[in-house]
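Step one of this worksheet: look at the structure below.
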Amino acid sequence: MKRLHNAIRQKLMLLFLMGVFPFSIYGQDDKVAEVTSTYAITNVNIIQAPGRKIDLGTVLIEDGIIKAVGKSVTIPASAKVIKADSMYLYAGFIDGLSQVAVEKPKDKEREDVKDPGNPPNELAGIQPERNVRDFLKADDKSVDDWRKMGFTAAHVVPDGRMLPGSDGPILLTGTNPDEMIYSNQVSLFSQLRGAPGVYPNTVIGVMAKYRDLYRNAENAKSYKQRYDQDGVGMERPNSDRILEAFYPVIDKSIPVAFKAESVLDVQRVLTLKNDLGFNLILGEVKQGWDITDKIKAANAKVFLSLDLPEWEEKKDTVANDSVKAEPKTLSGAEKEQERLEKRKEEMIMKYYEQPALFRDQGITFGFSTLEAKSGDIKSNINKLVEKGLNEDVALAALTTSPAQLLGLSKTMGTIDQGKLANLFISDKPYFEKESNVKMVFVDGKLYEYENKPKKKKNGDEEDVDPKGDWTYSTETPQGNGSGTVKFEGGPGNYSGQLTSSFSSDTNTLSDITVDGSQVSFSFTIAVGGDALNVSVSITVDGDTFEGTMTAGSYGSFPIEGERTPKN
């Protein structure tokens with residue numbers, strides 16, 4: 001209970017600092033205002049798992065856990081009821097290999113290396129002792145970008161070269177890295193990526209160095225075991241964090257997660273696996289269609305890339321019946337160009353047909369997004385379905401399969417009693433092109449998103465101009481608040497400030513983007529000595545707007561406003 005009250009106090013203090021909490025945190029008797037952590041989602045089509053559905057049922061969430069699922073669920077009086085109006089509820093998606101929320105280390109000034117053949121480990125990209133926890137940024141914009149797509153958890157890896165470090169699963173919520181981390185190390189992340197100007201700087205060099213490190217780690221581990229058993233007369237073993245990072249891999253308590261996009265990279269990684277004997281996760285696979293037999297024989301866990309080449313299906317042109325089209329005679333260069341275009345189309349088609357092929361070969365796979373953009377995810381998944389991927393298999397690759405491959409099935413991947421409340425609500429079946437994610441629960445915390453249709457003019461999208469002064473109001477579980485927003489500049493170069501009647505601070509706006517009638521921006525406030533990023537997404541309609549304000553793990557609140565008339 002003390003922990004709950006502390007969380008409530010922190011949330012209310014945040015709202016007060018944002019200027020959206022219009023009265024004191026404490027009442028006359030110094031009690032904390034009640035904030036519910038219980039939700040009942042009613043009248044919703046529940047997709048519990050691929051192939052399992054409950055029509056117009058109820059899901060009860062308490063303290064971040066799914067407490068009940070079914071047609072007849074008793075709703076406690078303390079619950080906030082969300083009437084889903086026949087919308088669709090899915091288990092939150094799990095990103096199989098990602099760098100969401102991972103801050104890339106700043107590039108250091110290149111220093112002179114006396115011996116490029118034996119450089120410092122940091123310059124060579126050999127840093128397996130690092131942990132992704134040290135590079136997480138809770139308020140990074142990517143967290144909200146992926147959450148909007150229905151993702152609630154991700155297997156995240158640090159940025160780097162050959163051996164960037166160890167990784168782990170995170171939840172897409174929380175105000176600091178410790179709150180985001182869900183469990184301990186899942187794998188040791190590796191890449192066939194050399195270092196510029198020093199050894200190893202080629203793929204062959206990376207493979208040779210990898211073998212050398214692995215064999216040295218095996219020898220060091222074996223010697224330490226003998227020393228620990230009976231070290232009499234033996235020289236004390238040296239401590240080496242680089243080699244020790246391989247110990248759990250050698251024990252096979254964790255696998256190596258290798259980024260391997262091309263067919264050649266996959267083959268090289270499989271060669272290393274066969275030579276050294278480690279368990280393997282193949283991540284960000286883009287070209288595995290010709291070696292599915294080898295992947296299957298290696299018993300590798302697979303995450304296929306959702307970064308797909310651009311593809312547009314050509315429309316057949318129908319000639320007018322009254323006009324007979326004369327066959328066009330192509331020159332030699334034109335014929336060659338036509339052949340090249342056809343081969344390119346055939347190659348691109350392989351990318352889109354690959355998941356269905358893996359399914360047919362009996363290979364369980366998830367999806368990874370190391371190279372993908374959040375805005376492309378939905379359309380790419382829909383195209384995969386168009387090209388033969390069964391919807392249930394696609395859903396499995398986003399939920400149950402990554403949960404299984406990453407050892408998270410006990411708490412994630414399906415909508416069942418006792419599991420984490422990682423869920424999202426879609427206004428239509430997710431795999432319909434026009435569907436939109438409306439609400440997302442991560443660890444029981446609610447985030448709401450506006451997805452109003454954009455207005456069209458002559459078939460083209462016309463961007464609104466938000467420049468000017470606006471007043472806004474926002475509604476929280478504790479009451480209403482208000483303030484002002486000012487946009488300056490012009491398209492591609494907007495700036496602005498946000499003020500509040502309950503705070504003397506003026507917050508500078510950042511990441512201002514305009515896309516049709518959609519305007520988004522963010523600002524940073526200080527909470528308990530930490531910087532918290534607040535993101536705002538609004539839909540502008542003339543001189544008014546509506547939208548949501550999202551404050552990290554504290555959830556989302558509706559916001560609306562109107563333009564201040566010029567004098």
Side-chain angles (χ1 to χ4, degrees), residues 97-137 140 142 155-168 177 185-221 223-224 237-250 254-262 264-269 271-273 275-276 278 280-284 368 370-371:
L97 199 65
S98 170
Q99 286 184 333
V100 60
V102 176
E103 190 172 19
K104 293 186 178 182
K106 294 180 180 178
D107 291 332
K108 294 182 179 180
E109 225 178 283
R110 183 63 187 274
E111 57 186 82
D112 292 332
V113 181
K114 294 180 180 180
D115 184 4
N118 187 30
N121 288 324
E122 182 180 359
L123 288 181
I126 300 171
Q127 300 170 291
E129 75 283 5
R130 300 193 310 174
N131 189 282
V132 73
R133 184 193 300 252
D134 298 325
F135 303 98
L136 290 177
K137 187 179 179 184
D140 193 86
S142 64
H155 172 207
V156 292
V157 298
D159 183 66
R161 295 190 177 276
M162 174 181 166
L163 282 161
S166 62
D167 49 38
Q185 179 182 4
V186 166
S187 62
L188 180 66
F189 182 50
S190 305
Q191 302 179 105
L192 296 175
R193 184 182 175 191
V198 297
Y199 178 81
N201 62 347
T202 65
V203 173
I204 300 303
V206 169
M207 293 179 69
K209 184 65 175 179
Y210 207 95
R211 288 189 179 92
D212 184 52
L213 288 169
Y214 198 93
R215 296 303 187 197
N216 288 341
E218 285 181 319
N219 292 334
K221 184 175 184 299
Y223 185 85
K224 187 177 185 306
N238 294 325
S239 179
D240 188 325
R241 289 184 297 170
I242 302 292
L243 299 183
E244 289 166 6
F246 283 94
Y247 288 2
V249 173
I250 294 168
I254 65 168
V256 176
F258 248 111
K259 178 184 177 183
E261 299 183 28
S262 69
L264 189 55
D265 281 350
V266 173
Q267 289 176 322
R268 286 166 170 162
V269 170
T271 297
L272 279 177
K273 180 234 182 324
D275 290 348
L276 302 175
F278 53 78
L280 175 64
I281 293 175
L282 283 172
E284 201 63 11
S368 62
L370 277 176
E371 304 290 340

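Since this is a predicted model, take the numbers as computed values, not measurements.
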Discussion item. Could you go through Met207 and Leu272, starting from their C-alpha distance and side-chain angles, then the distance that decides it, and tell me whether this counts as side-chain contact (heavy atoms from CB on, under 4.5 Å)?
Written reply: CA-CA 7 Å; Met207 293 179 69; Leu272 279 177; 4.1 Å; yes

Item to complete: Indicate yes or no for a side-chain donor-acceptor contact from Asp212 to the backbone of Ala208 under 3.5 Å, with no hydrogens or angles considered.
Response: no

Worksheet item: If you measure from the Lys or Arg side-chain nitrogens to the Asp or Glu carboxylate oxygens, is any gap between Lys221 and Glu218 under 4.0 Å?
Response: no

Item to complete: Decide yes or no for Val132 and Gln185: does some side-chain heavy atom of the first lie under 4.5 Å from some side-chain heavy atom of the second?
Response: no

Worksheet item: So do Phe246 and Leu188 actually touch side chain to side chain, heavy atoms under 4.5 Å?
Response: yes

Worksheet entry | Min side-chain heavy-atom separation Pro200-Met162 under 4.5 Å | yes

Item to complete: Go through His155 and Ser368 one step at a time and tell me if the side-chain contact (heavy atoms from CB on, under 4.5 Å) criterion holds.
Response: CA-CA 9 Å; His155 172 207; Ser368 62; over 6 Å; no

Worksheet entry | Smallest separation among heavy atoms of Gly205 and Tyr199, with atom names | O-OH, 3.5 Å

Response to the item:
Nearest heavy-atom contact between Val266 and Ala260 is CG2-O, 3.6 Å

Worksheet item: Between Pro119 and Gly117, which heavy-atom pair has the shortest distance, and what is it?
Response: CD-C, 3.6 Å

Discussion item. Taking the side chain as everything from C-beta on, heavy atoms only, tell me whether Val156 gets closer than 4.5 Å to Val100.
Written reply: yes

Item to complete: Return the minimal non-hydrogen interatomic distance between Ala217 and Tyr247, and the atom names on each side.
Response: O-CE1, 3.5 Å

Practice prompt. Return the orientation label for the Phe278 and Tyr214 ring planes: parallel under 30°, perpendicular over 60°, tilted otherwise.
Written response: tilted

Worksheet item: Does Arg241 use its side chain to pair, donor to acceptor, with the backbone of Glu129 at less than 3.5 Å?
Response: no

Item to complete: Give a yes or no on whether the backbone of Arg130 and the side-chain of Ser166 come within a donor-acceptor separation of less than 3.5 Å.
Response: yes

Fill in: Step-by-step side-chain contact (heavy atoms from CB on, under 4.5 Å) determination, Leu213 to Ile242
CA-CA 8 Å; Leu213 288 169; Ile242 302 292; 4.2 Å; yes

Worksheet item: Going from CG on Asp167 to CG on Leu97, what distance comes out if it is rounded to the nearest 0.5 angstrom?
Response: 7.0 Å

Worksheet entry | Parallel, tilted or perpendicular: ring planes of Phe258 versus Tyr210, cut at 30 and 60 degrees | tilted

Practice prompt. Determine yes or no for a side-chain-to-main-chain donor-acceptor pair under 3.5 angstrom, with Asn121 supplying the side chain and Gln127 the backbone.
Written response: no

Worksheet item: If you measure from CD1 on Ile254 to CD1 on Ile250, what distance do you get to the nearest 0.5 Å?
Response: 10.5 Å

Worksheet entry | Heavy-atom pair with the smallest gap, counting every atom of Pro196 and Arg161 | CD-CZ, 3.5 Å

Worksheet item: Heavy atoms, side chains only, cut-off 4.5 Å: are Val206 and Lys209 in contact?
Response: no

Worksheet item: Taking NZ, NE, NH1 and NH2 as the nitrogens, is one of them in Glu371 or Lys259 under 4.0 Å from a carboxylate oxygen of the other?
Response: yes

Worksheet item: So which heavy atom on Ser190 is nearest to which on Pro164, and how close?
Response: CA-CD, 4.4 Å

Item to complete: Drop me the distance from Arg215's CZ to Leu243's CG, to the nearest 0.5 angstrom.
Response: 13.5 Å

Discussion item. With a 4.5 Å cut-off on side-chain heavy atoms, are Gln99 and Leu370 touching?
Written reply: yes

Worksheet item: Do the non-hydrogen side-chain atoms of Ser239 and Glu244 ever get within less than 4.5 Å of each other?
Response: yes

Worksheet item: Counting only heavy atoms not in Arg211, do more than 12 sit closer than 6.0 Å to its CZ atom?
Response: yes

Discussion item. With a 4.5 Å cut-off on side-chain heavy atoms, are Gln191 and Glu284 touching?
Written reply: no

Worksheet item: Nearest 0.5 Å, what's the CD-OG distance between Glu103 and Ser142?
Response: 10.5 Å

Worksheet, complete the sentence: Interatomic distance, CG@Asn118 vs CG@Leu123, rounded to 0.5 Å, equals 11.5 Å

